[in-house]
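Notes follow once the structure below has been shown.
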Amino acid sequence: MKITRSHVRVNSGSLCQFIQVKKSKDGSLVEYPKVTGERNILNVNHYFWCYTFKEKLQDKFITRTKSVPRAKVLKLQGLIAKGTSVVKILNFLK
């Protein structure tokens, strides 16, 4: 699994893009989501997306992730850049 994180250092969490590599029936490796040609790092539709944040439970921080629909990725990038709280971002993703 390939993961790239946005390097914004605020308490808003981070947005990660990733691909899944699975073995097909004939033994070859296939990357999902499927893309014709080369993957463009700026194209939202060429990756799966997840939102990663830390939550404090009983004096320990636990890292949690939530999947993000591709339609909400650009808006979520803006919310993270503004420093929006994790609670508001999770409400946005519902």
Side-chain angles (χ1 to χ4, degrees):
M1 180 187 329
K2 176 184 171 184
I3 297 177
T4 306
R5 293 180 182 259
S6 299
H7 294 288
V8 178
R9 300 262 180 196
V10 293
N11 293 330
S12 296
S14 61
L15 186 62
C16 305
Q17 62 187 22
F18 64 95
I19 57 174
Q20 292 179 342
V21 179
K22 295 185 179 182
K23 190 179 280 191
S24 65
K25 290 182 180 179
D26 65 358
S28 62
L29 297 177
V30 180
E31 292 181 345
Y32 291 95
K34 290 186 176 182
V35 174
T36 54
E38 290 186 31
R39 260 181 221 286
N40 181 354
I41 196 162
L42 300 176
N43 190 336
V44 173
N45 295 318
H46 287 193
Y47 295 92
F48 293 119
W49 295 86
C50 68
Y51 174 65
T52 305
F53 59 97
K54 291 190 178 185
E55 184 176 44
K56 190 172 185 177
L57 292 174
Q58 299 175 353
D59 298 331
K60 291 184 182 181
F61 282 98
I62 298 173
T63 302
R64 303 219 186 249
T65 60
K66 181 160 179 62
S67 63
V68 177
R70 292 183 191 124
K72 294 186 176 184
V73 168
L74 296 176
K75 178 74 174 168
L76 184 59
Q77 285 176 337
L79 291 173
I80 291 171
K82 289 179 188 174
T84 306
S85 70
V86 172
V87 174
K88 289 182 180 177
I89 290 175
L90 290 175
N91 285 334
F92 168 72
L93 291 175
K94 284 185 181 179

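What you see is a predicted model; the values in this text were computed from it and never measured.
Here the straight-line distance linking atom NE2 of His46 with atom NZ of Lys34 works out to 14.5 Å at 0.5 Å rounding. Remark: Lys75 NZ to Ile80 CD1 distance equals 12.5 Å, nearest 0.5 Å. Cys16 contributes atom SG, which lies 10.5 Å from atom OH of Tyr51 (distance to the nearest 0.5 angstrom). With rounding to the nearest 0.5 angstrom, the CD atom of Gln17 is 9.5 Å from the CZ atom of Arg39.
Across all their heavy atoms, Ser24 and Val30 have their closest contact at CB-CG2, 4.0 Å. Taking all atoms of both residues into account, the shortest heavy-atom contact from Asn43 to Asn45 is OD1-N, 3.0 Å.
Taking the salt bridge (Lys or Arg N to Asp or Glu O under 4.0 Å) definition, one finds that Arg64 meets it with Glu55, sequence neighbours left out. Partners of Phe48 according to the ring-ring contact (aromatic ring centres under 6.0 Å, His included) rule, which considers only residues two or more places apart in sequence or in another chain, are Phe18.
Linking ILVMFWY side-chain heavy atoms closer than 4.5 Å, directly or via other members, places Leu74 and Leu93 in a single hydrophobic cluster. A single hydrophobic cluster is not seen to contain both Leu42 and Val35; linkage of ILVMFWY side chains at heavy-atom distances under 4.5 Å, directly or through other members, places them apart. At a threshold of 4.5 Å between side-chain heavy atoms, the hydrophobic network of Ile, Leu, Val, Met, Phe, Trp and Tyr places Leu90 and Phe92 in one connected group.
For Asp26, the CG atom is densely surrounded, since the number of other residues' heavy atoms within 6.0 Å is greater than 12.
For the pair Lys66 and Phe53, the cation-pi criterion (under 6.0 Å, within 45° of the ring axis) is not fulfilled.
The pair Lys22-Glu31 fails the salt-bridge criterion, with no side-chain N (NZ, NE, NH1 or NH2) lying under 4.0 Å from an Asp/Glu carboxylate O.
Residues Ile41 and Tyr47 have side chains in contact (heavy-atom distance under 4.5 Å, counting atoms from C-beta outward). Counting only heavy atoms from C-beta outward, the side chains of Ile62 and Lys56 never approach each other to under 4.5 Å. Counting only heavy atoms from C-beta outward, the side chains of Gln77 and Leu15 approach each other to under 4.5 Å.
Using modelled atom types, one side-chain atom of Trp49 and one backbone atom of Val44 make a donor-acceptor pair closer than 3.5 Å.
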